[in-house]
Chemist: 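This structure is in structure tokens; I'll ask about it shortly.
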Amino acid sequence: MELSNTGMQQNRNLARPISDTGWSMLVRMIEYKAEEAGRTVVKIDRWFPSTKRCCECGYVTESKPLSVRSWDCPRCEASHDRDINAAENIRTAGLAGASQKANDSGGHSKTRDAFRIERSGANAHGPVNE
């Protein structure tokens, strides 16, 4: 017999645990594959303002509804596509987190509070630039 995930997710008591189980399984698979490949997994804080932060100058704007797909930075006047800007900010935070952990510098960066580092195995290496 197959379980109905859709039906169980409609139950308010079961919805979150079922959704969390799926997400945690994905994270475990990514961490396993990273360890296998000798890579580092960097987790970005869920409240990191990736869509609101200008990837050019770092200015953080006010919250915008999801219908706003592009915006101009009031500080540096750069035009941003919301998704591309978020991807750039996440990449920057991830690379900063990986290099900070790899160097064990304990130094400060503008994204220092935006991420949490978790190593996948003792011999994990930082990300590879393409």
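Every heavy atom of this structure was used, including side-chain atoms; hydrogens, water molecules and symmetry mates were not. From a predicted model like this one, the values you see are computed outputs, not experimental measurements.
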Chemist: Does R28 have any salt bridge (Lys or Arg N to Asp or Glu O under 4.0 Å) partners at least two apart in sequence or in another chain, and if so, which?
Modeler: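 Result, salt bridge (Lys or Arg N to Asp or Glu O under 4.0 Å) vs R28: none returned.
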
Chemist: Could you walk me through whether K64 and R82 satisfy the side-chain contact (heavy atoms from CB on, under 4.5 Å) test, starting with their C-alpha distance in whole Å, then the side-chain angles of each, then the deciding distance to 0.1 Å, before giving a yes or no?
Modeler: CA-CA 10 Å; K64 296 174 178 8; R82 184 183 189 124; 3.9 Å; yes

Chemist: If we only count heavy atoms from C-beta on, is the Y59 to P74 side-chain gap below 4.5 Å?
Modeler: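 In short, these two side chains touch, coming nearer than 4.5 Å.
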
Chemist: Tell me which one of C55, C57, S79 satisfies side chain to side chain contact (heavy atoms under 4.5 Å, CB included) with C73.
Modeler: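 Single pass found, and it is C57.
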
Chemist: Atom CG in D83, atom CD in E88: separation rounded to 0.5 Å?
Modeler: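 Result: 12.5 Å between the selected atoms.
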
Chemist: Is K33 salt-bridged to E36, going by a charged N under 4.0 Å from an acidic O?
Modeler: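 Answer for the salt bridge query: yes.
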
Chemist: What are the two closest heavy atoms between V60 and P49, and how far apart are they?
Modeler: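 The answer is CG1-CB, 4.3 Å.
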
Chemist: Of all heavy-atom pairs between G94 and I44, which one has the smallest distance, and what is that distance?
Modeler: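 Closest heavy-atom pair between G94 and I44: N-CD1, 3.8 Å.
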
Chemist: For S70 and D81, does a side-chain donor sit closer than 3.5 Å to a side-chain acceptor?
Modeler: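 No - no donor-acceptor pair under 3.5 Å links their side chains.
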
Chemist: Show your working on side-chain contact (heavy atoms from CB on, under 4.5 Å) between N85 and K52 and close with a plain yes or no.
Modeler: CA-CA 8 Å; N85 181 63; K52 302 188 302 182; over 6 Å; no

Chemist: Looking only at heavy atoms, which two atoms of I90 and F48 are closest? And how far apart?
Modeler: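 Looks like N-CE2, 4.4 Å.
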
Chemist: Would E56 and H80 count as a side-chain contact (heavy atoms from CB on, under 4.5 Å) if you check the C-alpha gap in whole Å, the side-chain angles of each, and the deciding distance to 0.1 Å?
Modeler: CA-CA 9 Å; E56 300 294 326; H80 297 293; 3.9 Å; yes

Chemist: State, to 0.1 Å, how close V41 and A34 come at their nearest heavy-atom pair, and which atoms those are.
Modeler: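 Closest approach of V41 to A34: CG2-CB, 3.4 Å.
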
